[in-house]
Structure formats: structure tokens, C-alpha cells
Amino acid sequence: DAKTTQPNSMESNEEEPVHLPCNHSTISGTDYIHWYRQLPSQGPEYVIHGLTSNVNNRMASLAIAEDRKSSTLILHRATLRDAAVYYCILLNNAGNMLTFGGGTRLMVKP
Amino acid sequence: NAGVTQTPKFRILKIGQSMTLQCAQDMNHNYMYWYRQDPGMGLKLIYYSVGAGITDKGEVPNGYNVSRSTTEDFPLRLELAAPSQTSVYFCASSYALAGVYEQYFGPGTRLTVT
């Protein structure tokens with residue numbers, strides 16, 4: 001699976017939107033873009049995933065660049081509970097293994 | 001639904017001891033996975049299963065064994081524990097291929113081998 005690059009950390013104020021970027025310049029046509037997050041001392045939690053079109057769910061939105069070489073996870077109103085490490089992962093439609101890189105540590109200030 | 005459950009939450013083993021980490025899911029998922037996470041690192045896949053009776057190795061299978069006799073349960077066996085197996089172990093499940101479907105994770109088992 002192709003590699004992703006994310007900033008090590010980001011900071012946000014509570015109740016403000018947060019845009020978490022991910023670069024994946026070597027993405028292939030069959031790679032899905034997945035986002036998971038891990039709160040302190042907990043297991044990873046699925047956030048959202050997409051292939052080509054932007055996606056929305058109750059937790060977040062995923063904006064995918066037209067060339068698919070980058071994507072952005074959008075949390076519309078950050079809460080203190082959103083403080084976590086966010087992982088951007090590429091996985092093709094035959095893949096079984098989630099490969100977690102370093103992720104982005106999101107800090108939310110009250 | 002309880003989702004994915006894991007027992008025990010914590011365990012301390014002496015070098016050379018054996019133990020079984022339990023994992024169960026009640027979502028009728030075909031696919032189940034075992035990962036380990038060393039401090040400050042990402043997750044690494046140990047073993048996975050695509051259905052009852054079928055298992056396969058992941059990235060770091062040495063020192064572990066698995067079995068899948070039912071859809072619900074996927075125990076991980078550690079034989080002859082070593083300090084290098086000190087880690088947090090996460091079990092996960094998904095409806096089908098992880099590329100297309102999300103994985104649901106359990107709360108983890110924190111294992112220390114001394």
C-alpha cells in the first residue's frame with residue numbers, strides 16, 4: 001500500500017473547525033483513503049473513508065483532491081473529546097492490513 | 001451490541017510463560033484481526049482470519065498462534081513469552097475486506113513480560 005504523509009501535530013480551539021491534511025502522492029486507482037483516530041489509552045476508532053468523491057458522515061467530512069494525491073479530514077466543530085491521534089491510511093480493495101504511520105496528534109484547547 | 005470485547009485488560013507474565021488473549025465480537029463479522037502496538041508506535045498486524053477455520057499471518061506473526069473455530073471468537077495464543085512481546089494488543093473485526101469496510105477495534109489488552 002502507498003505511503004501517506006501527515007503533520008506530526010496540530011492545535012485547534014474548541015468549537016472551531018479543524019482541517020487535517022494528508023498527502024498520498026503515490027496513491028493507486030484502487031486505493032481507498034481511510035481515516036482512523038486513537039484517543040489516549042483506547043483502541044483505534046474508524047472515522048471515515050472514501051475513494052474519489054467527498055464523503056460526509058456524522059463524525060466528519062473527507063475532502064479528496066481531484067487528482068487524489070491529497071485529502072483533508074474536516075471536523076466541523078472540534079470538541080475536547082476530539083483530541084486524539086488521527087491516522088490517514090491507504091488500503092486497496094483487496095487489502096486486509098491497516099498500516100498505521102505516525103499520524104497527526106490533534107490538541108484541542110478549551 | 002457489545003461490539004468487540006477483549007479479556008483480560010491487563011496482564012503481567014514472566015518470561016517463558018504462556019497465555020491466551022481472548023477476543024469476541026457480536027456483529028457477525030467474517031473478518032477478524034490481531035494487532036500489537038508498541039509504545040509511541042503505530043499498529044502492526046499479527047494474524048487475521050477471513051472466516052471460521054481460516055487464518056493467515058500478518059506482518060509480525062512469530063511467537064503467536066491463533067485459531068478461529070467460530071465466527072464470534074478469535075483467541076491469540078502466546079507461547080514462551082519474551083520481553084519483546086510487551087505491548088498493547090488490539091483485536092478488530094470487519095464485515096469484509098478492510099479496504100472497503102471499516103474495522104471495529106476492541107479496548108486492548110496491555111501485556112507486560114518481565
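Here is the naming used below: chain letters follow the sequence lines, and residue numbers restart at 1 for every chain. Fair warning: this is a prediction, and the values are worked out from it, not measured in the lab.
Annotation: side chain of F105(B) is in contact with side chain of Y36(A) (closest heavy-atom distance under 4.5 Å). Contact check for L43(B) versus Q38(A): side-chain heavy atoms found under the 4.5 Å cut-off.
Residue Y86(A) is grouped with residue I27(A) when hydrophobic side chains (ILVMFWY) are merged at heavy-atom distances under 4.5 angstrom, including chains of intermediate members. Tracing side-chain contacts under 4.5 Å through hydrophobic residues (I, L, V, M, F, W, Y), one reaches V50(B) starting from L91(A); they form part of the same cluster. No single ILVMFWY cluster, assembled from side-chain heavy atoms under 4.5 Å apart, contains both W35(A) and I74(A). In the hydrophobic clustering of this structure, Y95(B) does not group with M32(B); members are Ile, Leu, Val, Met, Phe, Trp, Tyr whose side-chain heavy atoms approach within less than 4.5 Å, directly or through other members. Taken together through direct or relayed side-chain contacts under 4.5 Å among Ile, Leu, Val, Met, Phe, Trp and Tyr, V88(B) and V60(B) form parts of separate hydrophobic clusters.
For a residue to count as touching a neighbouring chain, one of its non-hydrogen atoms must lie under 4.5 Å from one of that chain's; by this rule Q37(B) touches chain A with the side chain only.
In terms of heavy atoms, Y46(A) sits closest to Q103(B) at CB-O, 4.0 Å. Smallest separation of non-hydrogen atoms from Y101(B) and H34(A): O-CE1, 4.2 Å.
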